[in-house]
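Below, read A as the first sequence line, B as the second, and so on, with proteins coming before strands; counting in each chain starts at 1. For clarity, every value in this text was computed on a predicted model and none was experimentally measured.
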Number of protein chains: 2
Amino acid sequence: MMNKEDIATKKNEKKYQQANECPITIFMEKIGGKWKPVIIWLLILNKVMRFNELDKSIDGISQKMLSQQLKDLEQLGILNRKSYPVIPPKVEYSLTPKGQSLEPILDAMKTWANDNVLYSK
Amino acid sequence: MMNKEDIATKKNEKKYQQANECPITIFMEKIGGKWKPVIIWLLILNKVMRFNELDKSIDGISQKMLSQQLKDLEQLGILNRKSYPVIPPKVEYSLTPKGQSLEPILDAMKTWANDNVLYSK
DNA sequence: CTGGATCCTCTGCGATACTG
DNA sequence: CAGTATCGCAGAGGATCCAG
């Protein structure tokens, strides 16, 4: 929140661009984190994947994190969850158009990381 | 004797693309977090900024976090820190070419966030 | 096979105070 | 002005077991 002095000086012309509610920050909040980009990227490459296939494809992820992240992404409207009522259970995940629209961005991130040889810390 | 492609295809009998050491993950490790994208974006817009100007431009950041993130970004070769030996102290931050090359990516993220109206949670 | 439920660790981040 | 130094928390993420 703003205090009184801030409000009082608010009309002073700002010399510099502000960054409040920056859309980039919003983007990072939604798509960021340790696993979400990888999940999306795998679904871009493979179109449709089952829970277990994602699990095996992502090195080091736990089942808890995977299901949690999948739920988040589903709520964001980025991926579809299709469950078949069979035994054993079968669930397929795929991207929505909204999710697919992330491809160029993720691809640019990939290229940048490769080009700039971000050495393992 | 086997050539490299043979070995590669032998090993890739997996049906699905793997995600180990995904460059996207590396990207997120380096550029991700709550403040780094905003700092970079401000420096793209304003070219050169002083510590205090960044502080005032980024709503809610603490001095501790700001100096920490700036240090990280400097180590990554993304920004330059130029210190003038005067009193009171004066330090200017600006992007390196490597940092400037992030502009299209951040811009794409911004556009995506706007287009997809990621409602405040 | 696809998760949910617990419990635990670790660290990113925040609040505040202090300094050359 | 441009930072450090401390303290502390909440939440991200990990390990393991259990269930439909």
Side-chain angles (χ1 to χ4, degrees), chain A residues 1-3 6 15-16 19-20 22 25-26 28-39 42-43 48-76 79-94 121, chain B residues 15-16 19-20 22 24-26 28-39 42-43 46 48-76 79-94 121:
Chain A
M1 273 303 275
M2 272 185 165
N3 59 38
D6 285 336
K15 211 170 149 195
Y16 290 88
N20 303 349
C22 174
T25 302
I26 297 177
M28 294 305 272
E29 279 173 7
K30 307 296 181 182
I31 315 299
K34 191 170 179 181
W35 303 115
K36 290 198 184 73
V38 194
I39 293 171
L42 282 169
L43 287 174
V48 178
M49 295 182 78
R50 299 182 54 180
F51 186 89
N52 213 15
E53 291 163 348
L54 283 165
D55 193 19
K56 279 181 291 191
S57 296
I58 304 176
D59 199 42
I61 199 173
S62 65
Q63 291 185 327
K64 170 195 165 186
M65 287 311 295
L66 181 53
S67 73
Q68 190 176 105
Q69 305 296 307
L70 287 171
K71 219 183 286 179
D72 289 350
L73 292 173
E74 190 189 357
Q75 266 199 320
L76 287 170
L79 59 75
N80 293 311
R81 179 179 186 279
K82 186 169 185 182
S83 171
Y84 299 86
V86 296
I87 296 184
K90 174 178 176 180
V91 181
E92 287 180 344
Y93 294 93
S94 61
K121 53 174 176 182
Chain B
K15 214 169 143 195
Y16 290 89
N20 302 349
C22 175
I24 300 177
T25 301
I26 297 177
M28 295 304 274
E29 281 175 6
K30 308 295 180 181
I31 315 299
K34 189 171 181 180
W35 304 114
K36 291 198 185 73
V38 194
I39 294 172
L42 281 171
L43 288 174
N46 297 309
V48 178
M49 295 182 80
R50 299 182 56 177
F51 186 89
N52 213 16
E53 291 163 350
L54 283 164
D55 194 17
K56 281 181 290 193
S57 297
I58 304 176
D59 199 43
I61 198 172
S62 65
Q63 291 185 324
K64 171 192 164 185
M65 287 311 296
L66 181 53
S67 73
Q68 189 178 105
Q69 305 296 307
L70 287 171
K71 222 182 284 181
D72 288 351
L73 291 173
E74 190 190 356
Q75 266 199 321
L76 286 170
L79 59 77
N80 294 311
R81 180 181 186 276
K82 185 168 185 184
S83 171
Y84 299 87
V86 295
I87 296 183
K90 174 178 175 179
V91 181
E92 287 181 345
Y93 294 93
S94 61
K121 53 175 177 181

- [ ] Check step by step if side chain to side chain contact (heavy atoms under 4.5 Å, CB included) holds for B/Met65 and B/Gln68.
- [x] CA-CA 5 Å; B/Met65 287 311 296; B/Gln68 189 178 105; 3.8 Å; yes
Open item on the list: Quick check: closest heavy atoms across B/Lys30 and B/Lys36, and the distance to 0.1 Å?
Closed with: O-CD, 3.2 Å
Task: Interatomic distance where CG belongs to A/Leu66 and C1' belongs to D/dA12 [whole Å] - done: 16 Å
Open item on the list: Quick check for you: to the nearest 0.5 Å, what is the distance between A/Cys22 atom SG and B/Leu42 atom CG?
Closed with: 7.5 Å
Open item on the list: Once side-chain hydrogen bond (donor to acceptor under 3.5 Å, both in side chains) is applied, what residue pairs with a partner in residues 81-93 of chain B remain, sequence neighbours excluded?
Closed with: B/Arg81-B/Tyr93, B/Tyr84-B/Glu92
Task: Gap separating the CG atom of B/Leu79 from the CG atom of B/Asp72, nearest 0.5 angstrom - done: 10.0 Å
Task: Contact pattern, 5' to 3', of nucleotides 2-7 of chain D - B, S or - by protein heavy atom under 4.0 Å - done: BBS-BB
- [ ] Kindly compute the distance separating CG (A/Leu70) from CG (A/Leu43), expressed to the nearest 0.5 Å.
- [x] 8.0 Å
Task: Angle of first-five versus last-five pair axes in the helix from C/dC1-D/dG20 to C/dG20-D/dC1, to 10 degrees - done: 50°
TODO: Can you measure from CG (B/Leu54) to OG (B/Ser67) and round to the nearest 0.5 angstrom?
DONE: 11.5 Å
- [ ] For A/Gly33 and A/Pro37, work out which heavy atoms get closest and say how close.
- [x] O-CD, 3.7 Å
- [ ] Anything under 4.0 Å to a heavy atom of chain A counts; send over the first and last such nucleotide of DNA chain C, read 5' to 3'.
- [x] C/dC1 to C/dC7
Open item on the list: To the closest 0.5 Å, what do you measure between CD (B/Glu29) and CD1 (B/Ile31)?
Closed with: 11.0 Å
Open item on the list: Tell me the interatomic distance from A/Gln69, atom CD, to D/dA12, atom C1', rounded to whole angstroms.
Closed with: 9 Å
TODO: Return the set of residues passing side-chain contact (heavy atoms from CB on, under 4.5 Å) with A/Asp55 (not counting sequence neighbours), or none when no residue passes.
DONE: A/Asn52, A/Ile61, A/Gln63, A/Leu66
